[in-house]
2 protein chains.
Amino acid sequence: MSRRPNAAPGSQGIPEATIARLPVYLRVLYTCAEQGIATVSSEELAAAAGVNSAKLRKDLSHLGSYGTRGVGYDVDYLVYQVSRELGLTQDWPVVIVGAGNLGRALANYGGFASRGFRIAAVLDADRTVVGTEIAAGQVVGSSDAIEEVVAERGVSIGVIATPAAAAQGVCDRLVAAGVTSILNFAPVVLNVPAGVDVRKVDLSIELQILAFHAQRRSDVRVPASGKRQYRGGVALPALAGSAGESVTAP
Amino acid sequence: MSRRPNAAPGSQGIPEATIARLPVYLRVLYTCAEQGIATVSSEELAAAAGVNSAKLRKDLSHLGSYGTRGVGYDVDYLVYQVSRELGLTQDWPVVIVGAGNLGRALANYGGFASRGFRIAAVLDADRTVVGTEIAAGQVVGSSDAIEEVVAERGVSIGVIATPAAAAQGVCDRLVAAGVTSILNFAPVVLNVPAGVDVRKVDLSIELQILAFHAQRRSDVRVPASGKRQYRGGVALPALAGSAGESVTAP
DNA sequence: CGCTGTGAAGTTCTTCACAGCA
DNA sequence: TGCTGTGAAGAACTTCACAGCG
C-alpha cells in the first residue's frame, strides 16, 4: 500500500491490525445496545466479533482503560470511545463515482448513510444515466462535476465504482480536487501520491483466494503434467508433501 | 476466521499473505500479456502490482524457481504457474444468493465469468424477483432451491449478497448443502463450522478504516472538534520514508 | 553485468499467562 | 471472586543485502 501506518510519531500509534477490527467491535456493540445489554465481557464481545478474547482486550487497551475489572465493558461508553477513535463522531461526506450496478448498490446501501457517512453525490460519465434517481432523493450528477462537488461539499472520501479503464483517471481527478481517502472497487491497482490512502475491494481477488483454499481442501494434487515447453522439468523442490489435508484439528 | 490455514505440516505452506497477493500479480501479468510483453523483471512487476520487489520475489519463490537470473520472468509461463497454484485451471461454479442491487451488480460483473469462475445460479427469496432476467441469460431462481443447486452443480463457493438479517440462515443452508467457501457481503459476522472458509467484503468497515486515517491526517492541526481539513495532510514531515513508494511511472 | 532467490535481521501482530483491581 | 490490562514469548510477515547463476 501507500502509507506508513503507525510510523507517525505524534499519533498514539494504534496498530493497523487493530484499526481494521474496531469497526467489527463497533457493530457488535451496537447490536448489544439495541438488545438492551448494558455490559459485556471481553469474552462475550470477542465471541460475537469472531476473534479471541486476548486479542480483543489488547485491541481495546490501545484506546485506553475503558473496562472495569471483574465486570466488563459498559456498552454505551465503549461505543462512544470506539466511534471517537475511528473519527465517526463527525460526519463524512462521500462522493461515489460510477452509477452502474455497483454504484447503485452502494447508494442504496443502508449502513452507508447510517453512522458517520453521508452520500454527497453520485456521479457518472454516461449522459443517459445523469439525472436519473437511483436512490431515495439521490439523483445522479455528471462526473464533469467531480472537482466542484469535492470542493463545495468538503469531500475527503471518494468511492470509485467505475469500469477498470476509467478508474485511474477518476482517481487522479479526485486526488487533484482534494480527496485523500479512496475506496476502490475497480479491478486495477491505483497509482496515488504519498499521503493519499487507498483501500480496495476486489471481488475477483476474494474469489481467487477462496478458490485456492477450496482447491487445497479437495487436495487434488494434480500431477502438473501439462507443462508445455519452457524449462521443462525444474523438478519442483519439495512438492511431494501430501499430508496437509484436514484443516479441522479441533 | 476459525482455523489456521498453513498450519498444516506436510503442505507446501505458502503464507496466507502471499496467497492474498497472487491474484494481483496475476492480473498484472495478464495485462502484460495483452500488451505483448514477454518478459518482466521483479522490479517492473512489483511496481505495477504496488508492492516492493523483494516481497514479490519472495512471494514467487514460494511457488518455485520460475524466473531466469539476469533476465526476469516469462510472462506466459508465470501466468500458468500462478493460475495453477490458485486453482484457476479448473472451473469453479459459484452460487449467488440475493438478487438485490448488489447481487445484480455481481451477476453483471465481467471479471466474474472470465477466468475460472462461472455463475451457477442467482437465487433470491423474493417471489417478485424470481424469474426475472438480471444479466444476459441469467434468470433469478428461488432461494428454496439452494440445496438443489449446490448439489446438482457441484458448487463449493457461495456468495452471500442478502440483507444482514438473512445472511446467517443462508450461510447455514449453503454449508449444510456442501459449500465450503463463502464470500460474505452482508454486514454480519458469520458463524461457520471449522473447515469452512469465509471471507468478508464490508463496505462500511472499509469506510470506517478510511475515516480513521482521514481523521488522523486532519488532526495534525487542531485537536478535538477539528473540522475536516482536506489537503492538510501533505505536511507529515516525519513520514519521510515514503520515498520510492509504489508510484509507477504511467 | 543484471537479476533472481534466499538466509538473516528487523518489524508487526498474536497469544499466553498472570498480576492486580473492582 | 471474576475479569481487565499487560509484559513477555512466540509466530507471521517484511525488508535487507548479497551470493550465485545466466
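- Distances shown here put a side-chain N or O of A:Tyr73 below 4.0 Å from the OP1 or OP2 atom of D:dG5.
- Following rounding to the nearest Å, B:Asp74 (CG) and D:dG22 (P) show an atom-to-atom distance of 17 Å.
- Place A:Val71 and A:Ala54 on DNA chain D by their nearest nucleotides, and A:Val71 ends up nearer the 5' end.
- Side-chain N/O atoms of B:Arg84 and B:Thr89 include no donor and acceptor closer than 3.5 Å.
- Taking only side-chain nitrogens and oxygens, A:Ser41 never comes nearer than 4.0 Å to OP1 or OP2 of D:dC3.
- When the P atom of D:dT15 is taken as reference, atom CD of B:Glu43 falls 13 Å away, rounded to whole Å.
- At whole-Å resolution of the value, CG in B:Leu22 and P in D:dC13 are 13 Å apart.
- Although no hydrogens or angles enter the test, the distance criterion places no donor-acceptor pair under 3.5 Å between the side chain of B:Thr68 and the main chain of B:Val71.
- Spacing between atom CG of B:Leu63 and atom P of C:dT6 amounts to 12 Å, rounded to whole angstrom units.
- One atom, CG of A:Asn52, and another, P of C:dT14, lie 10 Å apart when rounded to the nearest Å.
- Less than 6.0 angstrom separates the ring centroid of B:Tyr77 from the ring centroid of B:Tyr66.
- Between A:Lys55 atom NZ and D:dA8 atom P there is a gap of 22 Å when expressed in whole angstrom units.
- Between B:Ser61 and A:Arg57, the residue anchored closer to the 5' end of DNA chain C is B:Ser61, taking for each the nucleotide with the nearest heavy atom.
- Following rounding to the nearest Å, A:Lys58 (NZ) and C:dC18 (P) show an atom-to-atom distance of 15 Å.
- Residue A:Thr68 places none of its side-chain N or O atoms closer than 4.0 Å to OP1 or OP2 of D:dT4.
- Set against C:dG5, D:dT15, C:dC18, the side chain of B:Ser65 has C:dG5 as its closest nucleotide.
- The listed nucleotides are C:dC13, D:dC16, D:dT4; the one nearest the side chain of A:Ala17 is C:dC13.
- Counting only N and O atoms by type, the side chains of B:Ser204 and A:Arg27 include a donor and acceptor under 3.5 Å apart.
- One side chain, A:Thr18 or A:Asp59, offers a donor N or O that lies under 3.5 Å from an acceptor on the other.
- Donor-acceptor pairing under 3.5 Å, judged by distance alone, is absent between the side chain of A:Arg69 and the base of D:dG2.
- As a whole-Å value, the separation of B:Leu60 CG from D:dT14 P is 14 Å.
- Closest to the B:Arg21 side chain, of the nucleotides C:dC13, D:dC13, D:dT14, is D:dT14.
- Between A:Gly70 and B:Gly70, it is B:Gly70 whose nearest contact on DNA chain C lies nearer the 5' terminus.
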